Amino acid sequence: MAAAATDLSRPLLPSSAGNNPTNTNSDHNPPSQHIITINNHMGFPQSETPTNQDSIFLQTQFRFESLDDGLSRNEENPYGVLGSDGFDPLGSTTVDPFRNQTPKIQGVYEWIKMLVCVPIVLLRLVLFGLCMLIGYVATKTALHGWKNNQNPMPRWRCRVMYITRLCTRGILFSFGYHWIKRKGKPAPRETAPILVSNHVSYIDPIFFFYELSPTIVASESHDSMPFVGVIIRAMQVIYVNRLSYQSRKHAVNEIKRRAASNRYPRVLLFPEGTTTNGRQLISFQLGAFIPSYPIQPVVVRYPHVHFDQSWGHIALATLLYRMFMQFHNFMEVEYLPVISPAQHQKESAACFAERTGRAMASALNVVQTHHTFADYALLSKAAEAGQENFAPFMVEMAKIQKLYHLSSSEAVDFLERFLAMNPDSSGCVNYQDFIRVLRLKHSRLSANIFGFVDVNKNGLITFKEFLVASAHVLKLPLFRRACEVAFNESDEDKDRYLSLLEFGGSMSLAIPALAMNEIQALFEMFDIDGDGRINEDDFATCLRRNPLLIAHFNHHFIHKDLDAESGLEEMV
């Protein structure tokens, strides 16, 4: 590690800066004089003996004042002791690849058209219900008595499923897809055992089932859907839980196993992992590309003027209703040339996916963004919290995951914390709400932490700044060791637990004049299991959830060489 990053003997903690969180100019802060009157300050009568809780102030006030005199007033990076030299917020984007362009019915034409379509809709509903019923019965017949679903479905059962496929075409017709424009042809299964397609609507898998009857990789949640779940099981779908590493690993093995055998149908994947509005491609998951089989890309378009058919920020019931109310819904499917992995170059799955993504984006005449399925999870969490503007909460997770290896669940946890800070209509949080949620009070250190996150120095922080700053600190090589040292140094009696007294003493060194209720609030935040004391797991878990708080233990690291103590190799 560079010398500047490991110089742990220099002062770290600046003294209080008054009431202005951005004022860190030492020229305007002359050395303070400290006069402590214990009884007047604490507020208990002379005849009473201070309690253990009150003695937090008595034991730490003198230590804090003596420490404060030796601290640098020019320290602005509260994480320099851990080797941080700041972070790159990775820019920002206003692109929302999930937004439906026509979420509401607008215009006289649309209302007149819907009135005219009422009798047509009745006929469509009859056709839809009839096709669903026949398809369901045919599928149940094909599945009856079949237990060995790890092997390909027997041929006679596949013939019965052909009835379901015809019913699927009737369902598409009832939705207004009277004809579907096709360009190119599907490659033979032997040539390209895997298909990948962009994912715009729930119509996509219905069409592909009718057209090719492939094995689809889908979320586990689809199995419980009424009617549809039965058909999905008959397709021998490969289920995957995107938030589980073991599930994703199993899905990749299944893709490879089925692609290797001509007895199985070809495998179809939607590598974006979720639906978009079709105006952008988002980053691909790598499951289709890891097996290194030739892939045929397919692109789907839904040309429209008055009604956007994409499944974006719109309820499924609303989407179905609007589809039924259309005279005709347009759909175009284009089969692109087969793309093979560059075997002689030992091409990685990421490079293979990138080449495929470029081919599909070029055919669609769109750009491929760094958004992922995780961004959609963030969007959904923001929607649940009542946010109306979703764009500030999508951060192009592909970049962040590549740099910091942050999981989707970790990103959602950080968003929950950020939403508790009461972001304004533009998705920004101010200083007071920031320190409120972190259970802090105003101090020079709190202001420096906020300033560290506020890269733009405008007195507000965005979710992307908060997320990247937290991920940056969390993934610093010395973060884990710092948590251990902070706990051990705070544990004065070495019983492997922090009492309220010990915790308050440690925190009061970082933030002067903490009130008892403020210490109690911080203590409860760290006491994860709520047993009235903080063990090492509680302490580390809280700091992983709130990595920015590690700066409040910097005073423990002044004379500690974390790198040497942890046995880590020196980094240059």
Side-chain angles (χ1 to χ4, degrees), residues 8 12-13 42 50-64 67 78-79 81-82 409-410 413-414 416-418 420-421 434-443 445-446 449 466 469-471 473-476 478-560 562 565-566:
L8 306 183
L12 299 173
L13 184 63
M42 296 305 299
T51 65
N52 284 340
Q53 294 180 350
D54 292 330
S55 67
I56 290 174
F57 294 94
L58 309 185
Q59 295 183 19
T60 61
Q61 186 70 14
F62 290 106
R63 292 164 60 193
F64 179 83
L67 179 65
Y79 307 99
V81 68
L82 301 182
S409 59
E410 287 176 316
D413 288 341
F414 282 125
E416 287 183 351
R417 178 69 67 189
F418 186 82
M421 297 176 186
F434 176 80
I435 62 174
R436 172 182 57 80
V437 170
L438 293 181
R439 307 291 196 275
L440 304 176
K441 66 180 296 181
H442 170 64
S443 68
L445 180 56
S446 296
I449 292 174
F466 177 73
S470 299
V473 174
L474 180 63
K475 302 303 179 179
L476 287 172
L478 298 181
F479 178 82
R480 182 176 179 181
R481 178 58 182 164
C483 294
E484 295 173 358
V485 171
F487 180 84
N488 291 333
E489 292 295 314
S490 300
D491 181 21
E492 295 183 358
D493 60 8
K494 306 304 177 186
D495 64 349
R496 310 309 299 165
Y497 291 97
L498 299 186
S499 65
L500 180 63
L501 179 66
E502 290 172 322
F503 180 79
S506 184
M507 290 301 296
S508 294
L509 285 172
I511 307 177
L514 276 172
M516 194 63 243
N517 64 319
E518 294 168 333
I519 294 176
Q520 184 71 40
L522 273 167
F523 183 85
E524 292 174 356
M525 184 177 179
F526 275 79
D527 183 15
I528 302 296
D529 55 14
D531 64 352
R533 56 184 184 173
I534 301 171
N535 61 34
E536 195 164 2
D537 286 340
D538 289 341
F539 193 80
T541 299
C542 182
L543 287 176
R544 284 196 299 270
R545 292 177 181 175
N546 306 275
L548 298 176
L549 291 180
I550 191 64
H552 289 84
F553 300 93
N554 279 348
H555 53 277
H556 291 310
F557 313 143
I558 293 178
H559 303 296
K560 296 285 182 180
L562 300 180
E565 288 196 12
S566 63

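Owing to the predicted nature of the structure, the values given are computational and were not obtained by experimental measurement. In what follows, residues are counted from 1 in the order of the sequence shown.
Ring geometry for Phe526 against Phe503 counts as tilted: the plane angle lies between 30° and 60°, on a 0 to 90° scale.
The ring-ring contact (aromatic ring centres under 6.0 Å, His included) pairs that include a residue from residues 480-501 are Phe487-Phe539, where partners are two or more places apart or lie in different chains.
Interatomic distance, Leu498 CG to Met507 CE, rounded to the nearest 0.5 Å: 11.5 Å. From Ile550, atom CD1 reaches atom CG of Leu476 across 10.0 Å, with rounding to the nearest 0.5 Å. Put simply, OG1 on Thr541 and CD1 on Ile534 are 11.5 Å apart, with the number rounded to the nearest 0.5 Å. The structure places CG of Leu543 at 4.5 Å from SG of Cys483, a figure rounded to the nearest 0.5 Å. Rounded to the nearest 0.5 angstrom, Leu509 CG and Leu514 CG are separated by 10.0 Å.
Partners of Arg496 by salt bridge (Lys or Arg N to Asp or Glu O under 4.0 Å), not counting sequence neighbours, listed by chain and number: Glu536. Under the rule for a side-chain hydrogen bond (donor to acceptor under 3.5 Å, both in side chains), the partners of Arg417 that lie at least two apart in sequence or sit in another chain are Asn546.
No more than 12 heavy atoms of other residues, nucleotides or ligands sit less than 6.0 Å from atom CZ of Arg480.
A pairwise comparison of heavy atoms in Arg439 and Leu522 identifies O-CG, 3.2 Å as the closest pair. The minimum heavy-atom distance linking Ile449 with Ala551 is given by the pair CD1-CB, 3.9 Å.
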Evaluate Ile528 against Asp537 for side-chain contact (heavy atoms from CB on, under 4.5 Å), listing each step before the verdict. CA-CA 9 Å; Ile528 302 296; Asp537 286 340; over 6 Å; no

Walk me through whether Arg544 and Leu474 qualify under side-chain contact (heavy atoms from CB on, under 4.5 Å). CA-CA 7 Å; Arg544 284 196 299 270; Leu474 180 63; 4.1 Å; yes

Would you please test Asp413 and Arg545 for side-chain contact (heavy atoms from CB on, under 4.5 Å) and show each step? CA-CA 8 Å; Asp413 288 341; Arg545 292 177 181 175; 5.9 Å; no

The test is side-chain contact (heavy atoms from CB on, under 4.5 Å); show your working for Phe553 and Ser506 and say whether it passes. CA-CA 7 Å; Phe553 300 93; Ser506 184; 3.6 Å; yes

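The backbone N or O of Leu548 lies less than 3.5 Å from a partner atom in the side chain of Tyr79, making a donor-acceptor pair. Of the possible polar contacts, one joining the Glu502 side chain to the Ser499 backbone as a donor-acceptor pair under 3.5 Å is found. Of the possible donor and acceptor atoms, none in the side chain of Asp538 sits under 3.5 Å from a partner among the backbone N and O of Asp527. Using modelled atom types, one side-chain atom of Ser446 and one backbone atom of Lys441 make a donor-acceptor pair closer than 3.5 Å.
Residues His552 and Leu440 have side chains in contact (heavy-atom distance under 4.5 Å, counting atoms from C-beta outward).
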